[in-house]
*Asks:* 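This is the structure I have questions about; it appears just below.
Residue numbers count from 1 along this sequence. When a ligand or atom number is given, it counts from 1 through the structure's own listing order.
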Amino acid sequence: MRHFLDTQDFDQSELLSLMTLIGLLKRADKLGALPPLLAGASLGMIFEEPSTRTRVSFEVAMTKLGGHALYLKPGEIHLGQRENIKDTSQVISRMVDAIEARTLRHQTLLDLAANATVPVINGLTDYNHPTQVVCDVFTMLEHKLPDKELTDLRVVFIGDATNVCASLLMMCTRMGMHFTHVAPPRYQAPEAWQAIGRKNCLLSGGSLTISEDPVAAVREADFIYTDLWWWVGQEAEIPERRAAFMPRYQVNAALFDAAPAHAKMMHCLPASRGVEATDEVLDHPRSIIYDQSENRLHAEKAILVKFIYPRLRKAPSSLKQWHAGQILSFLNDRTLNPTP
Ligand code: CP
């Protein structure tokens, strides 16, 4: 069974095909012509952490496709507490068509997937965020200069080596794009991620650069991307992290002005406005942060269709009619089915 846990589990042609599907579903949706491809299907959405974009996009995507989503919020189910992950995963798999999970630890997601009998979709872990970056590269394709190919694009990620940075590094290098991570040495992408990126580049023709110099890095950027400098659980490190990143690594007007006139500003959100990026760049005419957020919805639709649609049983209408007849004749037979 295939799951959607990491873009590294998919080759370039599969990821490109996913981009095409996102475009088809987005176009149909904008015209009110989206087919109910997931009618009758259910998605279990497990969240160990709060979420705005991931939660809303998956739930709305299921509704738009004719299916249903259950929001299993932090602390609401027995995941790893009072019930082991195997039992939770097996039980939920018997009732839904796919599981989307945001887990604090990546290992929890891997354990869920190892025991699931339906596809599991990664909604963010402490390691990576693949649904975000599929959406991001689709957004880049929408906003690139018309004369550039995907493999011409230069993406400069400035800031902490977050889970989004990990996924973006891997996705861009897999797609043959040119990815630069800019951060102080202590916060740069670890060697293990770089090794994956370099291997991707050998196959794809992309490139991976690690740099300490944001001004030099943005000079040829098509897209400048940043993310939070600290997350829940890193509060004790805030003074040290702020000192390491501020002011040199903040994406502000001065840094944005050093980029080409066509460069676009990206952020996965939520943002700490005034910290990793200032209002003037997040709200700049060349900021595409809200297009990015909207595209989470279109990307989730494509991922859900790709993983759920082929598994749905599609009985012919004759079989449906035969079963309806059997059930109705039982219900209407007062001997077999006495009125309660
Ligand atoms: N970018 C992202 O995943 O946002 P949420 O945490 O709101 O889901």
*Asks:* Return the minimal non-hydrogen interatomic distance between Cys165 and Phe179, and the atom names on each side.
*Replies:*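 Nearest heavy atoms, Cys165 then Phe179: O-CZ, 4.2 Å.
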
*Asks:* Are the aromatic rings of Tyr71 and Phe58 close, with centres under 6.0 Å apart?
*Replies:*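 Not under 6.0 Å, so no.
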
*Asks:* So that I can tick it off, tell me whether Asp29 and Lys64 are bridged by a salt bridge, with the cut-off set at under 4.0 angstrom between side-chain N and carboxylate O.
*Replies:*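 A salt bridge links Lys64 with Asp29.
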
*Asks:* List by chain and number: which residues place a heavy atom under 4.0 Å from ligand 1?
*Replies:*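 Correct list: Ser51, Thr52, Arg53, Thr54, Arg102, His129, Gln132, Cys268, Leu269, Arg296.
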
*Asks:* If we ignore angles and hydrogens, is there a donor and acceptor under 3.5 Å between the side chains of Asp6 and Gln8?
*Replies:*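 No, no side-chain donor-acceptor pair sits under 3.5 Å.
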
*Asks:* Check for me whether Lys314 meets the cation-pi criterion with Tyr309, that is, NZ or CZ under 6.0 Å from the six-membered ring centre and within 45 degrees of the ring axis.
*Replies:*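 Yes, a cation-pi geometry.
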
*Asks:* With ring centroids as reference points, do His267 and Tyr225 lie under 6.0 angstrom apart?
*Replies:*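 No, the ring of His267 stays outside the 6.0 Å limit from the ring of Tyr225, centre to centre.
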
